Protein chains: 2
Amino acid sequence: MSSSKLLKGSLATIVLKLLEENEKMYGYEITQRVKEITAGEFKITEGALYPTLHKLEAEGMLSTETQKVDNRIRKYYSLTKEGNAEAQSKVAELEEFLLNLQKLLNPKLGMG
Amino acid sequence: MSSSKLLKGSLATIVLKLLEENEKMYGYEITQRVKEITAGEFKITEGALYPTLHKLEAEGMLSTETQKVDNRIRKYYSLTKEGNAEAQSKVAELEEFLLNLQKLLNPKLGMG
DNA sequence: TCTTATGCATAAGAAAATTATGTATACTTG
DNA sequence: CAAGTATACATAATTTTCTTATGCATAAGA
């Protein structure tokens, strides 16, 4: 998902988090928003994003609604009630993970 | 690498970081150290760790030395000069990644 | 007209885990 | 003393999750 080929496994969480803040977003918009927030350092590829969106939808986390804008179709995704709960738990899980990762990367913090 | 099946791609960096601090460590010791630092939340599996160590060694990042302790063999790994440089760059890269991830998870920080 | 941007989608391949298995010694506990 | 847990390495099969490549389609800009 990133140009630097770093961590895997965080894409679904990122998507859920963005939708938690935005009510509805479409795929391309998500790629641009991530790019914008990370100053171009994360580039979400369509090959990763669309299957992730489809999977989350299949799991009942997202609902969709298509709109035609400027003769082009946009497929908007929104969190379902279940998706909202999932977003919160996934974000919490990821934050927990990041804390542990930081303990490993910055051992001095664990000593104070 | 973790019991919570979270992020992938950080194991090699974690290994390099630990070896940066410890001169030499053997595989089992690494699994225990990680478990200890993260209060049991990260459980590195052998199926992930050993191939990673072998790969880093093949790439010239690690050198090895075996020791027999208590009739059991330990294979100690140390950073080579190249491995030391790699450790620093990989850690920097991961920290950069974590910063961007935090911008996504905590959008308010990006505004102040 | 050709490239870039917008917008969706899927398939092939690669990377990096998990899970399962195998070997071997040492310690602990009932 | 038998069985389970801990120590210690290793590899193979499978799964997950990406990247890369490809395809279709419209719009804008050079």
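Computed from a prediction, not measured in an experiment: that's the story for all the values here.
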**Student:** Going by number, which of residues 61-75 of chain A have a non-hydrogen atom under 4.0 Å from DNA chain D?
**Tutor:** A:Asp70, A:Asn71, A:Arg72
**Student:** Out of B:Ile44, B:Val15, B:Leu49, which residue meets the side chain to side chain contact (heavy atoms under 4.5 Å, CB included) rule with B:Val34?
**Tutor:** B:Ile44
**Student:** I need the NE2-C1' distance between B:His54 and D:dC9, as an integer number of Å.
**Tutor:** 8 Å
**Student:** Just how far, in rounded Å, is C1' of D:dA8 from OH of B:Tyr77?
**Tutor:**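 Rounded to the whole Å, the gap is 11 Å.
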**Student:** Identify the heavy atoms of B:Leu94 and B:Ser10 that sit nearest to each other, and give their distance.
**Tutor:** CD2-CB, 4.3 Å
**Student:** Compare every heavy atom of B:Ser78 with every heavy atom of B:Lys24, then report the nearest pair and how far apart it is.
**Tutor:** CB-OG, 3.5 Å
**Student:** Could you run down the sub-3.5 Å N/O contacts of the protein with nucleotides 13-16 of chain D?
**Tutor:**
unit_1, atom_1, unit_2, atom_2, d
D:dT16, O2, B:Lys8, NZ, 3.2

**Student:** With heavy-atom distances below 4.5 Å as the criterion, would you say the side chains of B:Leu62 and B:Leu53 are in contact?
**Tutor:**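 SC-SC contact between B:Leu62 and B:Leu53 confirmed.
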**Student:** Does B:Glu23 CD have over 12 foreign heavy atoms under 6.0 Å away?
**Tutor:** no
**Student:** For B:Glu29, give me all partners under salt bridge (Lys or Arg N to Asp or Glu O under 4.0 Å), at least two apart in sequence or on another chain.
**Tutor:**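 Scan of B:Glu29 (salt bridge (Lys or Arg N to Asp or Glu O under 4.0 Å), adjacent residues dropped) gives B:Arg33.
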**Student:** Identify, with sequence neighbours excluded, every residue that meets side-chain hydrogen bond (donor to acceptor under 3.5 Å, both in side chains) alongside A:Glu57.
**Tutor:** A:Thr64
**Student:** Take atom CG of A:Leu49 and atom P of C:dT10, then tell me their distance rounded to the nearest Å.
**Tutor:** 12 Å
**Student:** Rounded to whole angstrom units, what separation is found between the OH atom of B:Tyr76 and the C1' atom of D:dC9?
**Tutor:** 14 Å
**Student:** If the condition is side chain to side chain contact (heavy atoms under 4.5 Å, CB included), which residues does A:Glu20 pass it with, not counting sequence neighbours?
**Tutor:**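 Only A:Lys17, A:Leu79, A:Asn84, A:Ala87, A:Gln88 meet the side chain to side chain contact (heavy atoms under 4.5 Å, CB included) criterion with A:Glu20.
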**Student:** Among residues at least two apart in sequence or on other chains, which ones pass side chain to side chain contact (heavy atoms under 4.5 Å, CB included) with A:Arg74?
**Tutor:**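 If we apply the side chain to side chain contact (heavy atoms under 4.5 Å, CB included) test to A:Arg74, skipping adjacent residues, the hits are A:Tyr26, A:Val69, A:Tyr76.
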**Student:** Scan residues 45-70 of chain A for pairs that pass ring-ring contact (aromatic ring centres under 6.0 Å, His included), counting only residues two or more places apart or in two chains.
**Tutor:** none
**Student:** Quick one: salt bridge (Lys or Arg N to Asp or Glu O under 4.0 Å) partners of B:Glu59, sequence neighbours excluded?
**Tutor:**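 With sequence neighbours excluded, B:Glu59 shows a salt bridge (Lys or Arg N to Asp or Glu O under 4.0 Å) to B:Lys55, given in chain and number order.
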**Student:** Please list, chain by chain and in numerical order, all residues satisfying side chain to side chain contact (heavy atoms under 4.5 Å, CB included) with B:Ser89, sequence neighbours excluded.
**Tutor:** B:Glu86
**Student:** Within the structure, does a side-chain N or O atom of A:Tyr26 lie under 4.0 Å from either OP1 or OP2 of C:dG7?
**Tutor:**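 True: A:Tyr26 side-chain N/O within range (under 4.0 Å) of C:dG7 OP1/OP2.
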**Student:** For the pair made of CG in B:Leu53 and P in C:dA17, what is the distance, rounded to whole Å?
**Tutor:** 11 Å
**Student:** Could you give the CD-to-P distance, from B:Glu46 to C:dT23, as a whole number of Å?
**Tutor:** 15 Å
**Student:** Could you tell me how far apart A:Ile44 (CD1) and C:dG7 (P) are, to the nearest whole angstrom?
**Tutor:** 16 Å
**Student:** Extract from the structure each pairing of a protein N or O with an N or O of nucleotides 2-4 of chain C at less than 3.5 Å, listing the distance.
**Tutor:**
none

**Student:** May I ask you to verify if any side-chain N or O of B:Tyr50 is less than 4.0 angstrom from the OP1 or OP2 atom of D:dA10?
**Tutor:**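 Looking at the OP1 and OP2 atoms of D:dA10, neither is under 4.0 Å from any side-chain N or O of B:Tyr50.
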**Student:** How does DNA chain C look in dot-bracket notation if pairs are Watson-Crick or G-U with both distances under 3.5 Å, crossing ones as [ ], other-strand ones as |?
**Tutor:** ||||||||||||||||||||||||||||||
**Student:** What residues, two or more places apart in sequence or in another chain, satisfy salt bridge (Lys or Arg N to Asp or Glu O under 4.0 Å) together with B:Glu95?
**Tutor:** none
